[in-house]
Structure formats: C-alpha cells, structure tokens
Number of protein chains: 2
Amino acid sequence: MNQSGESLRDRKKRRTRAALERATVRLAAERGYDHVTVEEIAAEADVSVRTFFNYFASKDEALIGADPEAGPRMAERITSAADGVSPFEAYRQSVLAEITDELNNARDLWLLRKEVLMQRPDLLVRAFANSAESEQLLAAAVGERAGLPESHLYPRLVVAAGSAAFRCAVTRWALDDNVALGDLVGEALDLFGTGLVHVPPHHHEGGTS
Amino acid sequence: MNQSGESLRDRKKRRTRAALERATVRLAAERGYDHVTVEEIAAEADVSVRTFFNYFASKDEALIGADPEAGPRMAERITSAADGVSPFEAYRQSVLAEITDELNNARDLWLLRKEVLMQRPDLLVRAFANSAESEQLLAAAVGERAGLPESHLYPRLVVAAGSAAFRCAVTRWALDDNVALGDLVGEALDLFGTGLVHVPPHHHEGGTS
DNA sequence: CTGCAAACTTGCAGTGACTGCAAAAACCTC
DNA sequence: GAGGTTTTTGCAGTCACTGCAAGTTTGCAG
C-alpha cells in the first residue's frame with residue numbers, strides 16, 4: 001500500500017466520480033436536465049456509459065451526487081454530541097455542519113444545481129428517494145439519543161423534517177440570491193423545533209427589525 | 001349532455017382509471033413492483049399500453065393513484081375553515097379529512113399498497129415528487145391564511161411537514177397492524193405542531209390508554 | 001522486472017419505461 | 001345517422017439501466 005493511504009487506484013476513482021458528477025451538473029444546467037443523455041455525460045467525462053452506471057445508480061443520483069459517506073458521518077456527529085444536547089439539537093447541528101462543509105467544498109456545483117432545480121424541483125424530491133439507508137442510520141442515532149424504541153415515530157419524523165427543511169430551503173434559495181442556504185436550512189429547522197403552530201413574524205425587506 | 005351530469009364517456013374513463021390503478025396495485029403486491037411490466041398491467045385492465053400512459057404519467061403514479069382532485073379539495077378546505085382556526089390547524093384538519101375519506105373509499109387498495117411499500121419504501125417518496133403543483137396550491141392556501149407572502153418559508157414548510165408526516169406514518173403503519181393510519185398521521189402532525197424539541201413520552205404497549 | 005490476482009473498465013445484447021404521431025374506434029349532438 | 005370531438009390504439013423510436021463476459025489497469029510478491 002501507499003504511505004499516503006490513498007492508492008493510485010483510489011485517486012483515479014475519486015477523480016472519475018467527480019468528473020461524472022461535474023459533467024452531469026454542468027450539462028444539465030447548460031441545456032436542461034432531460035436534454036442531456038447519459039451517453040453525452042460519459043463522453044464528457046471520458047469514460048464509457050457502462051462506467052457511468054458503475055459509479056451512479058441513476059442519472060438523478062449523479063446530478064445530486066450524494067456523498068455516500070455523508071450518512072455515516074452525520075450519524076457519528078449525532079451520537080458523539082455532548083451529553084446535555086437534546087436529540088433534535090444534535091441532529092440540527094449535524095445537518096448544518098454537513099451543509100456548511102458541502103458548500104465550502106463545492107459551492108460552484110451547487111450554484112449550477114440551483115439552475116437545474118429551479119426548472120425541475122421534482123428532481124430534488126427524487127434525490128431523497130435514494131437515501132433511505134442514510135435516513136435509517138440517522139433515525140437510529142436520533143432514537144438512541146432520545147431513548148426511544150426503534151419503532152417509534154419520533155426519530156423518523158426528525159429525520160424526515162430535516163429532508164423537508166433542506167428541500168424547502170433549496171427551493172426558497174433558488175428564488176433569491178441574497179440568502180445563504182445554510183441560514184435558510186437553519187431557519188427551517190428552527191421552525192420545526194419550536195412547532196408549526198406558531199406562525200413566524202413577517203420580516204419586511206426595508207424594515208429595521 | 002346526460003341529466004346525471006356524468007356521461008357514458010366519463011363513467012368509462014373513471015372505470016378505466018380505477019381498473020388500471022387496481023391492476024397495478026394488485027399485481028405489484030402479488031409478485032413485487034418491478035416484476036410487473038406496464039404491458040401486464042394494461043393487459044389485466046384490458047387496455048393497450050399506450051392507454052395506460054394516457055391515464056398515468058408513470059408506473060409509479062399508477063401505484064399510488066394520487067387523485068388529481070385531492071389538491072384542490074384540500075386547498076378549498078383550508079381556505080374555507082372557520083375564522084379562528086390557525087393555519088396549521090386548518091391544514092392538519094384538511095389532511096386528516098382527506099385521509100379518512102380515502103381510507104373509507106379504498107381501504108382494500110391501501111392494504112395492498114402497504115405490502116408493496118414495505119418492500120420498496122422509496123416508492124412512497126417518489127410518489128410525492130409528482131405532486132409539486134398540489135403542494136404549491138396548498139402552500140398558497142396556508143400562506144394566505146397566515147398572512148405571509150408567497151416567498152416565505154413557512155407555508156412551504158407546513159405542507160412539506162404534511163408529506164413527511166404521511167410518509168413516516170405509512171412506514172410505521174406498515175410495521176404493525178394494530179394502529180389506524182389516520183391516528184398515526186395525526187400523531188405525527190401533532191409532533192410537528194408542538195415542536196420537535198420536545199421529545200415525546202414513550203407509550204408502553206400494555207397501557208390501558 | 002515478472003507474473004499473478006484483484007479491481008476496474010468496456011462493449012454488447014437485451015429489457016422495459018415512456019413519447020409523438022397518425023389512423024381507427026367510440027361517443028356525443030343534432 | 002351525419003358530422004364533430006374524444007379516446008384508444010399501434011407503431012416506431014429514444015433512452016435509462018442491467019447482466020455478462022471479455023479486456024485493461026493496478027497492486028503486490030517473489
């Protein structure tokens with residue numbers, strides 16, 4: 001093995017994966033998601049179509065490029081939070097940390113994705129369909145912290161709320177350039193945290209509030 | 001036009017749609033969703049494949065059989081709720097009413113769908129991808145009642161919470177026969193209403209509640 | 001450096017969802 | 001029943017996605 005811990009092979013794999021993700025997002029933003037074929041994406045990334053499907057289970061997945069390690073990473077963050085932290089708060093922080101990291105690493109990709117998602121909001125919903133095992137993992141972590149049995153609604157609900165918050169935040173983000181995605185997700189999670197029976201106040205743009 | 005307001009044509013259309021939905025659910029429950037082709041479904045319902053796609057945009061849609069009138073109906077219920085009712089409560093009641101109706105009209109179909117969704121939970125998520133305009137409609141109704149602008153996060157979030165509640169409730173429902181789906185959705189919405197920072201108490205099975 | 005095994009890539013053939021189009025059939029109105 | 005409107009259908013075609021059986025590249029040990 002290499003002393004760096006990352007072999008030539010590993011490096012190549014990461015580069016290929018990134019190239020495919022990048023090609024998908026770029027082409028989709030450029031000429032519309034369904035005017036791009038997998039064949040074109042593969043060509044752009046200089047691999048065969050078959051290889052595309054070795055990396056991503058679907059075209060959708062390549063567009064969002066969900067990091068397969070994100071689930072475990074977030075679960076770890078939840079279980080290792082300090083003792084006094086509530087389950088919801090632990091989850092909230094883990095989501096926000098993940099988003100911040102992601103935006104720092106690939107802000108440009110997200111700006112392109114925004115273009116695509118503005119025209120096809122359903123793609124974002126579909127993207128979450130593939131993340132069932134991650135949700136399972138997170139729900140288990142939340143459940144453990146809450147001291148609730150596997151079967152209880154609450155942990156699942158917290159995680160589903162996270163997806164919903166992210167989804168709504170992105171939709172809203174796509175409408176207006178002057179907000180940070182992380183802030184929007186945070187705001188959405190706060191609303192879920194304090195309860196939807198409370199209608200939030202209406203912030204006026206020009207107001208000094 | 002017919003005095004009944006529903007012509008032969010209309011009746012046939014409704015019957016065909018129902019037959020396709022039924023065939024999809026039945027076959028999928030019987031031998032697994034992806035071991036059923038649209039060709040087989042169409043044959044079962046005695047129509048051509050092309051006709052299947054005149055009724056449903058996708059196989060997924062036929063499995064869930066989302067009533068296209070459900071969105072407008074729910075929106076109407078929200079806007080026409082009594083004056084003192086909060087936006088969230090109005091939404092909550094509209095969701096519960098819709099589910100009660102649906103279960104009364106097609107409980108058998110839902111029992112079969114349960115079988116399918118137990119093995120492929122992702123199908124439920126995907127089903128919501130197609131209901132973007134309905135969500136839009138509901139969000140507008142909630143927003144109006146809350147006196148918030150179109151662009152605000154809150155209405156979208158309420159509606160997304162509804163989807164999430166439904167999704168989690170169905171997942172939970174599929175695990176255990178002794179609960180009513182309506183109750184689970186109600187419970188989930190209550191948690192969203194009062195806020196996820198509050199960890200709910202753990203109900204023991206043997207309780208007499 | 002060589003040879004071997006494991007991992008990765010590729011082509012190919014095939015399945016099945018989904019679409020547009022134009023002709024045929026069914027229905028509705030008068 | 002003629003004539004206009006919908007609905008159904010068949011057909012040809014595109015594209016996502018899969019399994020399989022080579023081919024190629026990389027890792028490693030001798």
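In what follows, every chain begins at residue 1, and chains take the letters A, B, ... in the order their sequences are listed.
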* **Atom-pair distance (CD on B/Glu61; P on C/dC18), nearest Å** => 10 Å
* To do: Round to a whole Å and report the spacing from CZ of A/Arg11 to C1' of D/dG27.
  => 13 Å
* For B/Tyr55 and D/dT8, is the shortest distance between a side-chain N/O and OP1 or OP2 below 4.0 Å? -> yes
* Mind jotting down which residue pairs meet the salt bridge (Lys or Arg N to Asp or Glu O under 4.0 Å) criterion with at least one end in residues 128-150 of chain B? Sequence neighbours excluded, please. => A/Arg167-B/Glu135
* Structure fact -> B/Arg9 meets the side chain to side chain contact (heavy atoms under 4.5 Å, CB included) criterion, sequence neighbours left out, with B/Ser7
* Asked: Where along residues 29-46 of chain A does a heavy atom fall under 4.0 Å from DNA chain D?
  -> A/Val36, A/Thr37, A/Val38
Can you give me the N/O atom pairs linking the protein to nucleotides 19-26 of chain D at distances under 3.5 Å, or say none if there are none?
{"unit_1": "D/dG19", "atom_1": "N7", "unit_2": "A/Arg50", "atom_2": "NH2", "d": "2.8"}
{"unit_1": "D/dG19", "atom_1": "O6", "unit_2": "A/Arg50", "atom_2": "NE", "d": "2.5"}
{"unit_1": "D/dT25", "atom_1": "O2", "unit_2": "A/Arg9", "atom_2": "NH2", "d": "3.2"}
{"unit_1": "D/dT26", "atom_1": "OP1", "unit_2": "A/Lys12", "atom_2": "NZ", "d": "2.3"}
{"unit_1": "D/dT26", "atom_1": "O4'", "unit_2": "A/Arg9", "atom_2": "NH2", "d": "3.4"}
{"unit_1": "D/dT26", "atom_1": "O2", "unit_2": "A/Arg9", "atom_2": "NH2", "d": "3.1"}

* With sequence neighbours left out, write down each residue that passes side chain to side chain contact (heavy atoms under 4.5 Å, CB included) with A/Val179, or none if nothing qualifies. => A/Arg172, A/Asp176, A/Leu184
* Closest to side chain of B/Phe53, choosing from D/dC17, C/dA17, D/dT9 -> C/dA17
* ring-ring contact (aromatic ring centres under 6.0 Å, His included): which pairs involve residues 19-55 of chain B, sequence neighbours left out? -> B/Phe52-B/Phe56
* Are A/Arg31 and A/Glu40 ion-paired here, with the side-chain N under 4.0 Å from a carboxylate O? -> yes
* Asked: Excluding sequence neighbours, so at least two apart, what forms side chain to side chain contact (heavy atoms under 4.5 Å, CB included) with A/Glu98?
  -> A/Ala70, A/Arg73, A/Met74, A/Arg77
* Asked: Considering Watson-Crick and G-U wobble pairs with both distances under 3.5 Å, what does D/dG27 pair with?
  -> C/dC4
* **DNA chain C contacts among residues 119-127 of chain B, heavy-atom distance under 4.0 Å** => none
* To do: Rounded off to whole Å, could you give me the CG-to-P distance for the B/Leu20 and C/dC18 pair?
  => 14 Å
* Counting only side-chain N and O atoms of B/Thr51, is one of them less than 4.0 Å from OP1 or OP2 of D/dT8? -> no
* Separation of C/dC28 P from B/Asp10 CG (nearest whole Å) -> 8 Å
* Asked: Of all residues at least two apart in sequence or in a different chain, which pass the ring pair (Phe, Tyr, Trp, His ring centres under 6.0 Å) check with B/Phe192?
  -> A/Phe192
* Asked: Hey, does B/Val49 reach any base, or is it just sugar-phosphate, or nothing, if we go heavy atoms under 4.0 Å?
  -> nothing
Ignoring hydrogens and angles, write down the donor-acceptor pairs under 3.5 Å from the side chains of residues 115-124 of chain A, residues two or more places apart or on other chains.
{"unit_1": "A/Arg120", "atom_1": "NE", "unit_2": "A/Asp122", "atom_2": "OD1", "d": "3.3"}
{"unit_1": "A/Arg120", "atom_1": "NH1", "unit_2": "A/Asp34", "atom_2": "OD2", "d": "2.4"}
{"unit_1": "A/Arg120", "atom_1": "NH2", "unit_2": "A/Asp122", "atom_2": "OD2", "d": "2.9"}

* Asked: Under the criterion side chain to side chain donor-acceptor pair (under 3.5 Å), which of B/Arg11, B/Lys13, B/Arg14 is the partner of B/Glu6?
  -> B/Arg14
* **Qualifying residues under side chain to side chain contact (heavy atoms under 4.5 Å, CB included), relative to B/Ile99, sequence neighbours excluded** => B/Val95, B/Leu103, B/Phe166, B/Val185
* Figure out the NZ/C1' separation between B/Lys13 and D/dT5, and round it to whole Å. => 12 Å
* Structure fact -> Across all chains, not counting sequence neighbours, the salt bridge (Lys or Arg N to Asp or Glu O under 4.0 Å) partners of A/Glu76 are none
* Asked: Between D/dT7 atom P and B/Arg14 atom CZ, what is the distance in whole Å?
  -> 15 Å
* Asked: Using a cut-off of 4.0 Å on non-hydrogen atoms, how would the nucleic acid contact of B/Phe52 be classed: base, sugar-phosphate, or nothing?
  -> nothing
* Would you mind classifying the nucleic acid contact of B/Phe56 as base, sugar-phosphate or nothing, using non-hydrogen atoms under 4.0 angstrom? => nothing
* Do NZ/NE/NH1/NH2 and the carboxylate oxygens of B/Glu102 and B/Arg107 come within less than 4.0 Å? -> no
* Structure fact -> When rounded to whole Å, the NZ to P distance for the pair B/Lys59 and D/dA16 reads 18 Å
